[in-house]
Amino acid sequence: GSLPLARSEIVPKAVLALLEEAPGANISIVDGPYEEQLHALLHGHIDILVGALRFPALSDDIEQIPLFDDYLSIVTGSHHPLAAKSPLTTKDWQSLKWIAAKEGTPARKAFGDLLHAICPDHAYEVIECSSLMAIRGLLINSDRAAILPARQVEIDVAAGLLAVNPTPLNDAPRQIGYTLRKNWHPTRLQKEFLCHLEAKSGH
């Protein structure tokens with residue numbers, strides 16, 4: 001299972017590395033919101049869930065293994081008038097229209113905490129969206145902004161489609177890792193996948 005707004009490049013890289021060793025392996029990558037993925041994990045429909053960890057854990061029957069800390073940046077379309085401006089003034093912040101993850105997610109909490117610290121009484125216009133492909137389309141085709149991990153959009157930045165604003169956010173890191181069922185015993189192939197997952201994340 002791969003959460004929608006995780007730095008999910010580690011999942012395809014780990015899968016491809018595993019397939020070099022075991023080209024006949026049958027692998028399924030499932031995308032979806034956390035609650036849906038957790039239910040699938042607890043009922044044995046998936047075995048490994050990769051993405052932002054939840055604290056406290058939402059079930060006593062899971063084990064969460066951190067891989068790295070994730071930091072956020074302001075991301076806009078490359079054409080955005082504030083794409084390269086730093087630092088942003090209070091007026092700049094108040095002028096931004098946002099795309100954010102849905103309520104109840106770590107990404108939305110980080111978004112809310114950052115904006116509240118800068119302009120506590122300002123009401124922002126927000127589109128809720130947890131699909132990275134949809135967020136990408138919205139940013140490219142509008143003057144909206146999102147708060148995302150910079151590495152998550154590095155391909156689009158290199159292509160000149162998106163921009164990462166250089167303003168530091170001083171945000172608290174989110175822990176990204178993987179979640180397993182307690183007392184789950186991986187197969188040899190699954191153990192190899194977890195080794196690749198940790199290697200690709202720099203763990």
Participant: For the residue pair W98 and W93, does the interplanar ring angle fall in the parallel (under 30°), tilted (30 to 60°) or perpendicular (over 60°) class?
Facilitator: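 Parallel: the ring planes of W98 and W93 meet at under 30°.
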
Participant: Verify the cluster assignment for L72 and V153: are they in a single hydrophobic cluster under the rule of side-chain heavy atoms below 4.5 Å apart?
Facilitator: no

Participant: I'd like to know whether E21 forms a salt bridge (charged side-chain N to carboxylate O under 4.0 Å, His left out) with R188, so could you lay out the CA-CA distance, the side-chain angles of the two residues, the decisive distance to 0.1 Å, and finally the verdict.
Facilitator: CA-CA 12 Å; E21 298 177 358; R188 179 186 60 81; over 6 Å; no

Participant: Are there more than 12 heavy atoms of other residues, nucleotides or ligands under 6.0 Å from atom CD1 of I155?
Facilitator: no

Participant: V157 and L161: same hydrophobic cluster, using ILVMFWY side-chain contacts below 4.5 Å?
Facilitator: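 In one cluster: yes.
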
Participant: Applying side-chain contact (heavy atoms from CB on, under 4.5 Å) between L82 and each of L96, D143, T76, report the one that passes.
Facilitator: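 Of the listed options, the one satisfying the test is L96.
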
Participant: For the residue pair D69 and Q175, establish whether any side-chain heavy-atom pair is separated by less than 4.5 Å.
Facilitator: yes

Participant: Taking a hydrophobic cluster as the set of Ile, Leu, Val, Met, Phe, Trp and Tyr residues connected by side-chain heavy atoms closer than 4.5 Å, whether directly or through intermediates, do I74 and I99 fall within one such cluster?
Facilitator: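 Result: no, two separate clusters.
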
Participant: Shared ILVMFWY cluster between I62 and I46, side chains joined below 4.5 angstrom?
Facilitator: yes

Participant: Looking only at the side chains, is there a donor atom on one of Q94 and Y124 sitting less than 3.5 Å from an acceptor on the other?
Facilitator: no

Participant: Before giving the answer on side-chain contact (heavy atoms from CB on, under 4.5 Å), spell out for E63 and W184 the whole-Å C-alpha distance, their side-chain angles and the decisive distance to 0.1 Å.
Facilitator: CA-CA 10 Å; E63 178 183 8; W184 175 67; over 6 Å; no

Participant: So do the side chains of R136 and D156 get within less than 4.5 Å of each other, counting heavy atoms only?
Facilitator: yes

Participant: I'd like to know whether NE2 of H116 has more than 12 heavy-atom contacts from other residues, nucleotides or ligands below 6.0 angstrom.
Facilitator: no

Participant: Which side chain to side chain donor-acceptor pair (under 3.5 Å) pairs, counting each pair once, include a residue from residues 52-62, with sequence neighbours left out?
Facilitator: none

Participant: Donor-acceptor check, side chain of T167 to backbone of P87, threshold 3.5 angstrom: yes or no?
Facilitator: no

Participant: Within a strict 4.5 Å, meaning less than it, do heavy atoms of the K109 and T105 side chains meet?
Facilitator: no

Participant: Counting only heavy atoms not in H45, do more than 12 fall under 6.0 Å of its NE2?
Facilitator: yes

Participant: Quick check on side-chain contact (heavy atoms from CB on, under 4.5 Å): which of T179, V50, L49 does L3 satisfy it with?
Facilitator: L49

Participant: So do I147 and S73 actually touch side chain to side chain, heavy atoms under 4.5 Å?
Facilitator: no

Participant: Going through the checks in order, is the side-chain contact (heavy atoms from CB on, under 4.5 Å) test met by L41 and R181?
Facilitator: CA-CA 7 Å; L41 179 75; R181 292 185 299 278; 4.1 Å; yes

Participant: Could you walk me through whether V75 and N165 pass the side-chain contact (heavy atoms from CB on, under 4.5 Å) test, one step at a time?
Facilitator: CA-CA 6 Å; V75 179; N165 185 282; over 6 Å; no

Participant: For a side-chain contact (heavy atoms from CB on, under 4.5 Å) check, start with the C-alpha distance between I29 and V15, then their side-chain angles and the critical distance, and finish with the verdict.
Facilitator: CA-CA 9 Å; I29 302 173; V15 166; 4.0 Å; yes

Participant: Does any non-hydrogen side-chain atom of H80 lie less than 4.5 Å from one of R144?
Facilitator: no

Participant: Please list, chain by chain and in numerical order, all residues satisfying salt bridge (charged side-chain N to carboxylate O under 4.0 Å, His left out) with D92, sequence neighbours excluded.
Facilitator: K85

Participant: Could you check E103 against R108 for salt bridge (charged side-chain N to carboxylate O under 4.0 Å, His left out), going step by step and ending with a plain yes or no?
Facilitator: CA-CA 6 Å; E103 294 282 359; R108 183 58 177 264; 3.1 Å; yes

Participant: Is there a side-chain contact between I176 and L53 (heavy atoms, below 4.5 Å)?
Facilitator: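 I176 vs L53: side chains apart.
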
Participant: Any side-chain heavy atom of D47 within less than 4.5 Å of one from F193?
Facilitator: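 Contact flag for D47/F193 side chains = no.
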
Participant: Is any side-chain heavy atom of Q37 less than 4.5 Å from a side-chain heavy atom of V30?
Facilitator: yes

